[in-house]
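Below is one structure, written out as structure tokens; comments come after it.
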Amino acid sequence: MLKFNKKNSFAYLMGVYLGDGEINKRTKFEIFRLNTKDKDFAETTKQAIKVCRGDEYYFKGSTRFKGKLRKITLKEYIVTMRAAYKKQPPNYFTVYASSSNLFKKMANMTKDKTKFPKEIFNWSKEEIKFFIIGQMDSEGMVSKRNKTKSIISPTGRSVHMGYKITDKYIFNNFLKLLDMANIKYGKIGTHPTKNKIAYRITIKLQSWIKSGYILSIKRKQDLIDRFNLTEPYSERSLYPRIVKYNNIKKEINIK
């Protein structure tokens with residue numbers, strides 16, 4: 001679990017919001033919502049909201065009288081199996097929260113997700129780090145190309161890390177933040193979706209690991225850790241040798 005304070009929790013939420021999050025301003029209070037199949041991502045987002053928003057109350061009549069805390073919930077929803085599905089899809093989790101100030105500020109800074117806030121480039125290194133993690137939790141991918149065998153492919157370590165989003169403006173500014181964080185990436189690729197063009201890059205895993213960044217989604221972070229524990233190009237073996245734990249303990253910040 002990421003350790004949040006007021007500033008880095010806001011940076012993380014901004015990264016999530018510009019990815020998979022949404023804010024509804026049509027209600028009395030601004031509403032934030034996140035839908036995800038990863039419970040740990042939902043729990044991390046909920047914790048960031050708690051830290052950043054603090055204890056906000058509904059006010060009834062006079063501002064001297066405080067009512068109930070504004071809503072923040074995390075619920076699990078079962079996906080109904082359909083004939084079109086080859087297997088049962090995973091359940092999804094929804095984070096739902098309201099605030100009179102926090103989400104209004106986020107929506108205004110981004111003009112309802114239509115612009116990238118330039119002030120982010122003046123944030124501290126820690127805030128930029130948490131923004132990048134929030135974006136990668138939302139729009140990042142970590143996968144194993146050779147899913148049926150070991151983590152090693154015949155040509156070397158086979159964990160793949162990438163980033164994909166349909167908003168070109170957010171994409172280009174995110175690349176600038178990766179440059180500032182010294183995180184290396186490959187050539188820009190594109191492919192069509194139903195209504196838009198998706199922009200994508202491959203992120204160099206060694207530079208990501210060197211940065212010390214850790215994702216909140218365990219299934220993704222576990223692959224990164226396994227990649228880091230495995231020797232590169234280890235004799236092209238399906239059963240790769242593993243680097244001794246003590247030698248890499250400091251590199252992946254395990255206490």
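Values below: every heavy atom of this structure, side chains too, minus hydrogens, waters and symmetry copies. Treat the numbers as computed from the prediction; the structure is a model and nothing was measured.
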ask   = Just how far is it from atom CG of D40 to atom OG1 of T45, taken to the nearest 0.5 Å?
value = 9.5 Å
key: Side chains of I128 and F121 in contact at under 4.5 Å (non-hydrogen atoms)   = no
task = Determine whether the side chains of N8 and K129 contain a donor N or O and an acceptor N or O closer than 3.5 Å.
result = no
query = Could you walk me through whether K37 and R219 pass the side-chain contact (heavy atoms from CB on, under 4.5 Å) check?
reply = CA-CA 11 Å; K37 67 179 181 180; R219 65 180 176 86; 3.5 Å; yes
request  = Mind listing the closest non-hydrogen atom pair of P192 and I197 along with its distance?
outcome  = CA-CD1, 3.9 Å
message = Using modelled atom types and a 3.5 Å cut-off, is there a donor and acceptor pairing between side-chain atoms of K6 and backbone atoms of C52?
response = yes
key: Minimum heavy-atom distance between I201 and G186, given as atom pair plus value   = CG2-O, 4.1 Å
remark   = CG (D222) and CG (L215) are apart, to the nearest 0.5 Å, by 10.5 Å
inquiry  = To the nearest 0.5 Å, what is the distance between CG on N108 and CG on D112?
reply    = 7.5 Å
message = Are the side chains of I120 and M14 in contact, using a 4.5 Å heavy-atom criterion?
response = yes
ask   = Under the side-chain contact (heavy atoms from CB on, under 4.5 Å) criterion, do F227 and K144 qualify, and how do the steps go?
value = CA-CA 10 Å; F227 173 93; K144 188 174 67 170; over 6 Å; no
ask   = Between Y17 and K113, is any pair of side-chain heavy atoms under 4.5 Å apart?
value = yes
task = Check K220 against V142 and note the closest heavy-atom contact, atom names and distance.
result = O-CG1, 3.7 Å
request  = Hey, can you tell me if F171 and Y163 have their rings parallel, tilted or perpendicular (30° and 60° cut-offs)?
outcome  = parallel
task = Answer yes or no: is there a side-chain heavy-atom contact under 4.5 Å between L2 and F130?
result = yes
inquiry  = Check this for me, if you would: do R70 and E56 make a salt bridge, where the nitrogen-to-carboxylate-oxygen distance has to be below 4.0 angstrom?
reply    = yes
request  = Taking atom NZ of K39 as the centre, report whether more than 12 heavy atoms of other residues, nucleotides or ligands fall under 6.0 Å from it.
outcome  = no
request  = Mark yes or no for whether S138, through its side chain, and G19, through its backbone, hold a donor-acceptor pair below 3.5 Å.
outcome  = no
request  = Could you verify whether a donor N or O on one side chain and an acceptor N or O on the other, from Y77 and N35, lie under 3.5 Å apart?
outcome  = no
Trace of the side-chain contact (heavy atoms from CB on, under 4.5 Å) decision for I31 with I23 = CA-CA 5 Å; I31 302 297; I23 292 175; over 6 Å; no
inquiry  = As an exercise, state the distance from CZ of F4 to CD1 of I49, rounded to the nearest 0.5 Å.
reply    = 10.0 Å
hydrophobic_cluster_shared for V16 and M141, side chain cutoff 4.5 Å = no
query = What do you reckon, is NZ of K46 surrounded by more than 12 foreign heavy atoms closer than 6.0 Å?
reply = yes
Exercise: identify the closest heavy-atom pair between K115 and L18 = O-CD2, 4.4 Å
inquiry  = Any side-chain to backbone donor/acceptor pair from N5 onto K7? Under 3.5 Å, distance only.
reply    = yes
inquiry  = Donor-acceptor pair, distance only, cut-off 3.5 Å: does the side chain of D38 make one with the backbone of I217?
reply    = no
ask   = Do I133 and M180 belong together in a cluster built from hydrophobic side chains that touch within less than 4.5 Å?
value = yes
message = Would K204 and I183 count as a side-chain contact (heavy atoms from CB on, under 4.5 Å) here? Give the steps.
response = CA-CA 7 Å; K204 308 296 184 182; I183 295 175; over 6 Å; no
ask   = Which of parallel (below 30°), tilted (30 to 60°) and perpendicular (above 60°) describes F131 and F174?
value = tilted
inquiry  = Can you give me the closest heavy-atom contact between A48 and Y12, atom names plus distance?
reply    = CB-CD2, 4.0 Å
message = I'd like to know if the side chain of S207 and the backbone of I203 have a donor-acceptor N/O pair within less than 3.5 Å.
response = no
ask   = Do R33 and T94 have side chains that get closer than 4.5 Å, going by heavy atoms?
value = yes
inquiry  = Does the structure place the NZ or CZ of K111 under 6.0 Å from the centre of the six-membered ring of F116, at an angle of no more than 45° from the ring's axis?
reply    = no
query = Hey, are S216 and D137 close enough side-chain-wise for a donor-acceptor pair under 3.5 Å?
reply = yes
query = Could you give the distance from OG (S98) to CZ (R53), rounded to the nearest 0.5 Å?
reply = 6.0 Å
ask   = Do any N or O atoms from the side chain of N173 and from the backbone of Y169 form a donor-acceptor pair under 3.5 angstrom?
value = yes
ask   = Can you tell me if E139 uses its side chain to pair, donor with acceptor, with the backbone of M136 under 3.5 Å?
value = no
message = Once rounded to the nearest 0.5 Å, what's the spacing between atom CD of E127 and atom CG of N122?
response = 10.5 Å
query = How about Q135 and L177: do any of their side-chain heavy atoms sit closer than 4.5 Å?
reply = no
query = With side chains defined as the heavy atoms from C-beta onward, is the minimum distance between R226 and V159 less than 4.5 Å?
reply = no
ask   = Should we count CD1 of I78 as having more than 12 external heavy atoms under 6.0 Å?
value = no
key: Geometric cation-pi criterion K75 and F93, 6.0 Å radius, 45° cone   = no
message = Side chains of N172 and Y199 only: does a donor on one sit below 3.5 Å from an acceptor on the other?
response = no
task = For the residue pair W208 and N228, establish whether any side-chain heavy-atom pair is separated by less than 4.5 Å.
result = no
query = Are side-chain N/O atoms of Q47 and T44 paired as donor and acceptor at under 3.5 Å?
reply = no
ask   = Closest heavy-atom contact between M109 and W123?
value = CE-CZ2, 4.5 Å
